Amino acid sequence: MGSGIDINARNVNLHFKFNYPLNELTFKFGELGGNIINRINDDFRNVQDIVSLNDTTIGGVQVTVIFYQQGNNWYGQMS
């Protein structure tokens, strides 16, 4: 279950900076087109689809993407 807080981002950069170390961060997404630019611990990735980040390590962090496709769009959860 989500928090009920949504961010509708289109052609923008979102930057989250925490003043303390995290053990885990999970968010739900709807990818409706465009490139995905992701940076964790200064390790930069630019990919066509968020699902291509599944089972990768970025900035020393293991990334898992659970997803399903509906039409040309991807929906799911990234942690």
Side-chain angles (χ1 to χ4, degrees):
M1 183 117 304
S3 65
I5 300 170
D6 292 340
I7 299 173
N8 185 357
R10 185 171 181 89
N11 299 322
V12 299
N13 292 319
L14 300 174
H15 180 176
F16 299 98
K17 184 172 183 177
F18 299 93
N19 293 327
Y20 48 86
L22 298 177
N23 291 325
E24 183 177 0
L25 176 66
T26 300
F27 62 90
K28 294 182 179 186
F29 67 86
E31 182 190 335
L32 309 178
N35 282 25
I36 302 298
I37 300 171
N38 191 315
R39 183 173 64 181
I40 301 173
N41 297 331
D42 291 323
D43 187 354
F44 178 85
R45 306 292 171 96
N46 183 351
V47 296
Q48 183 66 37
D49 296 304
I50 197 168
V51 299
S52 65
L53 297 173
N54 186 40
D55 201 26
T56 62
T57 300
I58 304 173
V61 175
Q62 179 64 37
V63 176
T64 302
V65 182
I66 301 168
F67 57 89
Y68 67 93
Q69 186 174 13
Q70 185 175 22
N72 291 327
N73 302 322
W74 299 98
Y75 299 91
Q77 177 175 296
M78 182 173 177
S79 56

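Just so we're clear, the structure is a prediction, and the values are computed from it rather than from any experiment.
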Are Ile50 and Phe29 side-chain neighbours, meaning at least one heavy-atom pair lies under 4.5 Å? yes

Do the side chains of Asp55 and Gln62 get nearer than 4.5 Å, heavy atoms only? yes

Joint cluster assignment, Phe44 & Ile58, ILVMFWY side-chain distance < 4.5 Å: no

Say whether Val65 and Val47 are linked into one hydrophobic cluster, either directly or through other cluster members, by side-chain heavy-atom distances under 4.5 angstrom. yes

I'd like to know whether Ser79 forms a side-chain hydrogen bond (donor to acceptor under 3.5 Å, both in side chains) with Gln77, so could you lay out the CA-CA distance, the side-chain angles of the two residues, the decisive distance to 0.1 Å, and finally the verdict. CA-CA 7 Å; Ser79 56; Gln77 177 175 296; 4.9 Å; no

Does a side-chain heavy-atom distance below 4.5 Å link Met78 with Asn38? yes

Applying side chain to side chain contact (heavy atoms under 4.5 Å, CB included), run through Gln48 and Asn35 and close with a yes or a no. CA-CA 5 Å; Gln48 183 66 37; Asn35 282 25; 3.3 Å; yes

Parallel, tilted or perpendicular: ring planes of Tyr68 versus Tyr75, cut at 30 and 60 degrees: parallel

Which pair of non-hydrogen atoms, one from Val61 and one from Ile40, has the smallest distance, and what is that distance? CG2-CG2, 3.7 Å

ILVMFWY network linking Ile36 to Phe27, side-chain heavy atoms under 4.5 angstrom: yes

So does Asn72 get a backbone contact from the side chain of Gln70, meaning a donor-acceptor N/O pair under 3.5 Å? no

Identify the heavy atoms of Ser52 and Asp49 that sit nearest to each other, and give their distance. OG-O, 2.7 Å

Working note: Val63 + Asn54, criterion side chain to side chain contact (heavy atoms under 4.5 Å, CB included); need CA distance, chi angles, decisive distance, verdict. CA-CA 6 Å; Val63 176; Asn54 186 40; over 6 Å; no

What pair of heavy atoms forms the shortest contact from Leu22 to Leu25, and how long is it? CD1-CB, 4.3 Å

